[in-house]
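Taking it in order: structure first as structure tokens, then the write-up.
These values consider heavy atoms only, across backbone and side chains, with no hydrogens, waters or symmetry-generated copies. Reminder, nothing fancy here: chain letters follow the sequence lines and each chain counts from 1.
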Amino acid sequence: MTESTPAAADPAEDLPEQMRVRRSKRDRMLADGVEPYPLSYPRTATLAEIRERYAELATDTATGDIVSVTGRVIFIRNSGKLCFATLRDGDGTELQAMLSLDRIGAERLEDWKRLVDLGDHVGVTGEVITSRRGELSVLADSWSMTAKALRPLPVAHRPLSEEARVRQRYVDLIVRPQARETVRTRAGVVRSLRDSLHSRDFLEVETPMLQLLHGGAAARPFVTHSNALDTDLYLRIAPELFLKRCVVGGIERVFEINRNFRNEGVDSSHSPEFAMLEVYQAYADYNTMATLTRELVQEAARATFGSHVVRHADGEEYDLGGQWRSVTLYGSLSEALGEEVTVSTDMARLVQYAEKHNLPVSPKWGPGKLAEELFEELVVPNLVLPTFVRDYPEETSPLTRAHRDQPGLAEKWDLYAFGVELATAYSELVDPVEQRERLIRQAQLAAKGDDEAMRLDEDFLRAMEYGMPPSGGMGMGIDRLLMALTGLGIRETILYPLVRPE
RNA sequence: GGGCCGCUAGCUCAAUUGGCAGAGCUGAGGACUUUUAAUCCUUAGGUUCGGGGUUCGAGUCCCCGGCGGCCCA
């Protein structure tokens, strides 16, 4: 509404012709005492119900059944004494309405031709018939405007520009079936994740979005302010530290599906607000989490596509069924380099490999971070089908338990699919003393590089000191899961992505 | 943050070397009782993203800014 004309000005002056015409039709209705936005319409059946009930009706048949239907006019074909319109329901079902002179009379037929435009919502009451061409139709005895549209629809047969689709998603949803389908797919995936977790006795909780301290991930936060407390607050970058408090409190299987906020770049796979599933399970480890994650994704694929084979927007099909490939970080990196690399390979050697592959090296990186960067550069682009990448350097995994038998490594995996990171999981670090030492080191690093030095979350450490049982934890990006299942960009999987002001 | 590409009618897009800003759909007027993106006749519709510059002349070339997309960091 920001662009609308102030009430004082005469809005008709500036408007394009098509909008003036539609407003004048609304005015004409009001002048005739007809409400262009009535309270309701006595609908007796949805378009889908009519289609289902009369699926087998033969060509050029009259049923004698009278129904009342509603829908948005998406195509219109008027002639002198017989008019056709295609109506569409919210679920995308289409049905034809027919209006004939002998059935509704000259006056109402003329009203239809004068007042109804593409995009209007109408209600039609009449007999269910099939036309001579076999099209299932409602032959009107009466009709009403149920909501007059004041703006023209875009051309229905050419794609909207990508920017228009994102900025005016409501228009995208009206004209593009794939847009409506994506909304349904997303709802189905989220529902499937919840069902899968509930059936495994996980409890869903909601933890703070507004936090005094941000933690649980390395990312720049959004900052806001509480007037009541007179203190700055952070929008959460992860729910991790609160979910762990839940496990300390005895909620042994806990999850949350909610939004995280990161004040970072926006591109085809990153959004400043994104939906995330996090799961924690006591007496589990990163192996338990791998099985759970695979089952969650496979059940989501089956719930939404009826199969483990998913079809991407480009038509390619991928089978997500069965066991998934599992590699180690250093093993796959060694293979890509053609030389043995381990967690004890020294910095100088790693820098040589980086130079050989034109990878710029930041002076802030340690050997663990550099190995990860090399991995992302050389291995990740080739990971198409879901692949677990296991055993990351301890250096970059401050909340992860040390590997049970390989020094210098941590029990962490990342799940990659279609070139992006889909999920990550740890055998959680639960020793409060070691946890404190690692967080202090992180805080010192943050303080060096950043004026917003991270403070220690003392309450989190206090909770850990009460004793957290051995646990596995996992986080999965919901938007990215949708991307992996559908092949769409992140701005298509998010209904209303952030855009710059017009 | 850097590079490249784009922004023209309500929508999707054209416009040759710098030389009258166009098409389809949509809209308006008319014809049509079986259409399916109906068809036929007539017709309207523009601050070419904004600002500045070069030029006899700029949608087109140059500079600054805005928005979007892609690639890179």
Side-chain angles (χ1 to χ4, degrees), chain A residues 2-3 13-25 28 51 58-62 71 73-88 94-106 108-110 112-120 126-127 129-140 148-168 170-172 174-177 220 263-270 354 357-365 373 376-377 381 419 489-492 497-502:
Chain A
T2 49
E3 55 160 2
E13 285 306 309
D14 290 344
L15 290 173
E17 181 195 12
Q18 295 193 41
M19 287 197 235
R20 282 204 309 274
V21 167
R22 285 167 183 255
R23 275 172 166 73
S24 77
K25 289 177 181 177
R28 198 180 311 163
R51 282 230 168 267
T59 293
D60 204 9
T61 305
V73 176
I74 56 158
F75 297 122
I76 205 160
R77 300 173 288 281
N78 289 343
S79 71
K81 298 176 177 129
L82 180 63
C83 297
F84 302 87
T86 304
L87 307 186
R88 186 155 67 199
E94 295 174 5
L95 189 71
Q96 178 166 274
M98 296 169 64
L99 299 95
S100 71
L101 176 67
D102 55 17
R103 197 103 177 187
I104 61 167
R108 287 304 280 158
L109 188 66
E110 210 42 48
W112 172 270
K113 287 197 258 186
R114 277 192 345 205
L115 297 174
V116 176
D117 292 302
L118 286 180
D120 290 353
E127 182 179 359
I129 65 161
T130 48
S131 71
R132 278 178 213 165
R133 292 287 175 88
E135 186 74 36
L136 185 62
S137 309
V138 175
L139 179 58
K148 178 71 194 164
L150 296 185
R151 286 177 184 267
L153 287 178
V155 176
H157 311 289
R158 288 180 197 274
L160 273 182
S161 69
E162 193 176 339
E163 184 178 356
R165 296 207 313 238
V166 169
R167 284 195 187 271
Q168 293 182 260
Y170 39 89
V171 175
D172 189 29
I174 292 169
V175 300
R176 195 168 60 96
R220 280 167 65 189
N263 205 343
E264 295 176 346
V266 181
D267 64 32
S268 57
S269 64
H270 294 82
H357 290 93
N358 295 319
L359 180 73
V361 179
S362 161
K364 287 192 228 163
W365 296 349
E373 293 288 333
E376 275 177 34
E377 180 75 15
I490 198 166
R491 282 152 71 87
E492 297 298 329
L498 184 67
V499 287
R500 282 182 202 275
E502 287 178 74

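- Taking atom CG of residue A:Asp102 and atom P of nucleotide B:rU34, one finds them 12 Å apart after rounding to whole Å.
- Looking at residues two or more places apart in sequence or on another chain, you find no ring-ring contact (aromatic ring centres under 6.0 Å, His included) involving A:Phe84.
- For A:Arg114, the salt bridge (Lys or Arg N to Asp or Glu O under 4.0 Å) criterion is met by A:Asp111, not counting sequence neighbours.
- Between A:Asp102 and A:Lys81, none of the side-chain N atoms (NZ, or NE/NH1/NH2) sits under 4.0 Å from a carboxylate O, so this pair counts as no salt bridge.
- Base pairing annotation: B:rG50 forms a Watson-Crick or G-U wobble pair with B:rC64, both donor-acceptor distances under 3.5 Å.
- Across all strands shown, A:Asn78 has heavy atoms under 4.0 Å from base atoms, whether or not it also approaches the sugar-phosphate.
- Of the nucleotides present, none pairs with B:rU33 by Watson-Crick or G-U wobble criteria with both distances under 3.5 Å.
- In a base pair of the Watson-Crick type (N1 to N3 plus N6-O4 or O6-N4) or a G-U wobble (N1-O2 and O6-N3), with each distance short of 3.5 Å, B:rG19 is matched with B:rC56.
- The partner of B:rA14 is absent, by the rule that a Watson-Crick or G-U pair needs both atom distances under 3.5 Å.
- Between A:Arg51 and A:Glu135, at least one side-chain N (NZ, or NE/NH1/NH2) sits under 4.0 Å from a carboxylate O, which counts as a salt bridge.
- As rounded to whole Å, 7 Å separates atom P of B:rG29 from atom NZ of A:Lys25.
- Atom pair A:Arg77:CZ and B:rU33:P shows a separation of 16 Å (rounding to whole Å applied).
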For nucleotides 7-12 of chain B, 5' to 3', base contacts (B), sugar-phosphate-only contacts (S) and non-contacts (-) with protein non-hydrogen atoms under 4.0 Å give ---BBS
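- The nearest heavy atom of RNA chain B to A:Arg22 and to A:Arg132 marks one nucleotide each, and the one closer to the 5' end goes with A:Arg22.
- When A:Leu118, A:Thr86, A:Asp117 are each tested for a side chain to side chain contact (heavy atoms under 4.5 Å, CB included) with A:Ile76, only one passes: A:Leu118.
- We find that CG of A:Leu99 is positioned 17 Å from P of B:rU36, with the value rounded to whole Å.
- Between A:Leu109 atom CG and B:rU33 atom C1' the separation is 10 Å, expressed in whole Å.
- Nucleotide B:rG1 forms a pair with B:rC72, judged by Watson-Crick or G-U wobble geometry with both contacts under 3.5 Å.
- A salt bridge links A:Arg176 to A:Glu492: at least one charged side-chain nitrogen sits closer than 4.0 Å to a carboxylate oxygen.
- A straight line from CD1 of A:Ile76 to P of B:rU36 spans 15 Å, rounded to a whole angstrom.
- Checking B:rU33, B:rG27, B:rU36 against every side-chain atom of A:Glu135, the shortest atom distance belongs to B:rU36.
- From A:Leu109, atom CG reaches atom CG of A:Leu101 across 6.0 Å, with rounding to the nearest 0.5 Å.
- Here the side chain of A:Asp117 is nearest to one of B:rU34, B:rA28, B:rU33, namely B:rA28.
- The separation between A:Ile104 atom CD1 and B:rU33 atom C1' is 12 Å, rounded to whole Å.
- Between A:Leu87 atom CG and B:rA37 atom P there is a gap of 15 Å when expressed in whole angstrom units.
- With hydrogens and angles left out, the side-chain atoms of A:Arg77 and A:Gln96 include a donor and acceptor closer than 3.5 Å.
- In terms of phosphate contacts, A:Arg103 brings no side-chain nitrogen or oxygen within less than 4.0 Å of OP1 or OP2 of B:rU33.
- Projected onto RNA chain B by closest heavy-atom contact, A:Phe75 and A:Leu82 fall at different nucleotides, the more 5' of which corresponds to A:Leu82.
- Comparing the same atom, P, in B:rG6 and in B:rU36 gives a spacing of 39 Å after rounding to whole Å.
- Of all nucleotides listed (B:rU36, B:rC32, B:rA28), B:rU36 comes nearest to the side chain of A:Gln96.
- If you check every strand for non-hydrogen atoms under 4.0 Å, A:Lys113 touches nothing.
- Taking the P atom of each, B:rG53 and B:rG59 are spaced 15 Å apart, rounded to whole Å.
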